[in-house]
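Chain naming here is simple, since letters A, B, ... match the order of the sequence lines and numbering starts at 1 in each.
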Protein chains: 2
Amino acid sequence: MTVRILLVEDQAIVRNGLKLILEQDEEFQVIVEAGNGIEALSRLEHTHVDLVLMDVRMPEMNGIEATKRIKSLYPNLKVIILTTFEDDEYAYQTLKDGANGFLLKSSEPEKLLSSIHSVLSGGLVLQEDIAAKLMPKLLRQSVVAKDVEIQLSLTERELSIVKLVGEGKSNKEIANSLFLSIGTVKNHITNILQELDLRDRTQLAIYAVKNGLV
Amino acid sequence: MTVRILLVEDQAIVRNGLKLILEQDEEFQVIVEAGNGIEALSRLEHTHVDLVLMDVRMPEMNGIEATKRIKSLYPNLKVIILTTFEDDEYAYQTLKDGANGFLLKSSEPEKLLSSIHSVLSGGLVLQEDIAAKLMPKLLRQSVVAKDVEIQLSLTERELSIVKLVGEGKSNKEIANSLFLSIGTVKNHITNILQELDLRDRTQLAIYAVKNGLV
DNA sequence: GGATAAAAATGACTTTGGTCACAATGTTTC
DNA sequence: GAAACATTGTGACCAAAGTCATTTTTATCC
């Protein structure tokens, strides 16, 4: 049983690359292609496909809007979003609209293929990096997700202070709970703010929450 | 490269069945087995594994608690939860604790295997039925909370100030962007803090972020 | 029309936060 | 052993945040 795929991607070179990767798996067949969301929608009117692979950034109509419309017209059609690491902001909205998966363009080909199989057999697939960024947003509580960036630039002590700031603690409370003087806590915070290029504890707290440190 | 698996499941018959399925894929090797969470943890101390397949319902220590502990001890170890359709209540908590996937025991063997591959290559996999039940729950949480609780108690003006605080803006910046005096902004914030039972702008910012106001 | 409440403002005041300079100690690294 | 860095601390200082009392205007509700 072959899987009929609609590939939506504006850059012809990337599109061809993806097509080659997909058709390494003999089950997959790219039977339609489109360069933007509007084109994709009109293609779907005339052709039956099993799966849509959709780029996020495109002219005319982007992947977010296109996914929304496709899903409202064909709720059972599988849609997988192709994205770059920077585009994860959109992930939230698109999942809401019913996308079945989120894959990074930079993935290994095998990873891409196995994820597609997983979606076809009825799953929702999020790639690790995206899931890591998304889950805190959805779950709003500490998962594991210690950011690489943060840990590179901050020391153990600083990290534990950041967490407490992210819980809304005052310097006095932090000092008490870590058995430090208030002055020391202040010094640490000054250093942290400089390191992370933030202005005050409020921005630091926001940073901590958004990065799932709390 | 073989994948070393720890299989945690209390019923011997089911465990053997799963083992047979898993080892149909020559990459997979069940090298350790455990009948409950406590056993699983002690096995992990002595043996290195790449993946844990964990049943939810078990005597002594259930899969939820076990996953939590395993993930805090070995954050990079992949954990997939095996569940029945009725157990989806737990899914939420366990995802929070960092589980990498959720599979139904009733799945087709191939589905199971492809999902495991997907998790190993860095994904988060939710099976359709579970995702369908879970997503609304997750999406509702962060979005709806805002309208119900907060908007009941805060005025328009106050709400717009809360958002700016949630972006890390200072009183001066808020005053400028809303064309108010600094004193007015301070007054508003005092009222907001009282209304929401918070202490300072940092706690307010955290509140705003966690409730998806930013 | 009077009551109620949001919105805006001012001034005086206290507390907290953040910066800076400087210092002491211990650990790790080369 | 010197250099680099993490950690802790002090004291002085200024800026920002937050509280409180009080006032004015405007709009809405009964």
Side-chain angles (χ1 to χ4, degrees), chain A residues 145-214, chain B residues 75 145-211 213-214:
Chain A
K146 275 189 185 176
D147 242 35
V148 185
E149 300 167 41
I150 305 173
Q151 278 198 329
L152 275 177
S153 52
L154 296 185
T155 66
E156 268 307 300
R157 202 44 154 186
E158 288 171 339
L159 205 73
S160 61
I161 289 179
V162 170
K163 285 182 186 175
L164 291 169
V165 171
E167 289 170 17
K169 301 275 186 276
S170 68
N171 287 339
K172 194 174 171 184
E173 288 169 333
I174 295 173
N176 282 333
S177 90
L178 297 181
F179 305 105
L180 299 174
S181 77
I182 294 180
T184 302
V185 176
K186 284 182 175 183
N187 286 337
H188 279 304
I189 287 182
T190 296
N191 294 332
I192 294 165
L193 293 176
Q194 205 155 32
E195 188 63 52
L196 300 179
D197 200 26
L198 300 170
R199 193 177 53 196
D200 52 43
R201 74 191 300 99
T202 305
Q203 293 187 349
L204 180 56
I206 294 166
Y207 180 87
V209 173
K210 285 195 174 172
N211 286 285
L213 289 167
V214 193
Chain B
K146 147 187 164 182
D147 306 280
V148 185
E149 293 173 42
I150 306 173
Q151 280 195 338
L152 272 178
S153 51
L154 295 185
T155 67
E156 267 308 299
R157 203 44 152 186
E158 288 172 338
L159 206 72
S160 62
I161 289 178
V162 171
K163 284 181 187 176
L164 291 168
V165 171
E167 289 169 17
K169 301 275 187 272
S170 68
N171 286 339
K172 194 174 172 184
E173 286 169 334
I174 295 174
N176 281 334
S177 90
L178 297 180
F179 305 105
L180 300 174
S181 77
I182 294 181
T184 303
V185 176
K186 285 183 177 183
N187 287 337
H188 279 304
I189 286 183
T190 296
N191 295 333
I192 294 166
L193 293 178
Q194 206 154 31
E195 188 62 52
L196 299 180
D197 199 28
L198 300 170
R199 193 178 51 196
D200 53 43
R201 75 194 298 100
T202 304
Q203 293 187 349
L204 179 56
I206 294 167
Y207 180 88
V209 173
K210 286 195 173 173
N211 286 286
L213 288 167
V214 193

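The side chain of B/S181 lies closest to C/dA9 when the candidates are C/dA9, C/dG18, D/dT7. In this structure, the nucleotide among D/dT19, C/dG17, C/dT19 sitting nearest to the side chain of A/T190 is C/dT19. The listed nucleotides are D/dT7, D/dA17, C/dA8; the one nearest the side chain of B/H188 is C/dA8. Here the side chain of A/L180 is nearest to one of C/dG18, D/dG18, D/dG9, namely D/dG9. For A/K186, the listed nucleotide lying nearest its side chain is C/dG17; candidates were D/dG18, D/dT7, C/dG17. The B/L193 side chain lies nearest to D/dT19 when the options are D/dT19, D/dT7, D/dG9. Here the nucleotide nearest the side chain of B/R157, chosen from C/dA8, C/dG18, D/dA6, is C/dA8.
Taking side-chain N and O atoms only, B/T184 has a distance below 4.0 Å to OP1 or OP2 of C/dA9. Proximity of B/N171 to the phosphate of D/dA17: a side-chain N or O atom is located under 4.0 Å from OP1 or OP2.
Between B/E156 atom CD and C/dA8 atom P there is a gap of 11 Å when expressed in whole angstrom units. The CD1-P distance, from B/I189 to D/dT19, rounds to 10 Å in whole Å. Separating the CG atom of A/L204 from the P atom of D/dA16 is a distance of 18 Å, rounded to the nearest angstrom.
The closest donor-acceptor contact from the side chain of A/E158 to the backbone of A/L154 lies at 3.5 Å or more, if one exists at all.
Atom CD1 of A/I161 is separated from atom OG1 of A/T155 by 8.0 Å, given to the nearest 0.5 angstrom.
Side-chain contact between B/V162 and B/L204 is present, with heavy atoms from C-beta onward closer than 4.5 Å.
You'll find a donor-acceptor pair under 3.5 Å spanning the side chain of A/N187 and the base of D/dG9, going by distance alone.
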Taking distance alone, no hydrogens or angles, what donor-acceptor pairs closer than 3.5 Å link side-chain atoms of residues 189-196 of chain A to residues at least two apart or in another chain?
{"residue": "A/T190", "atom": "OG1", "partner": "A/K186", "partner atom": "O", "Å": "3.1"}
{"residue": "A/N191", "atom": "ND2", "partner": "A/N187", "partner atom": "O", "Å": "3.3"}

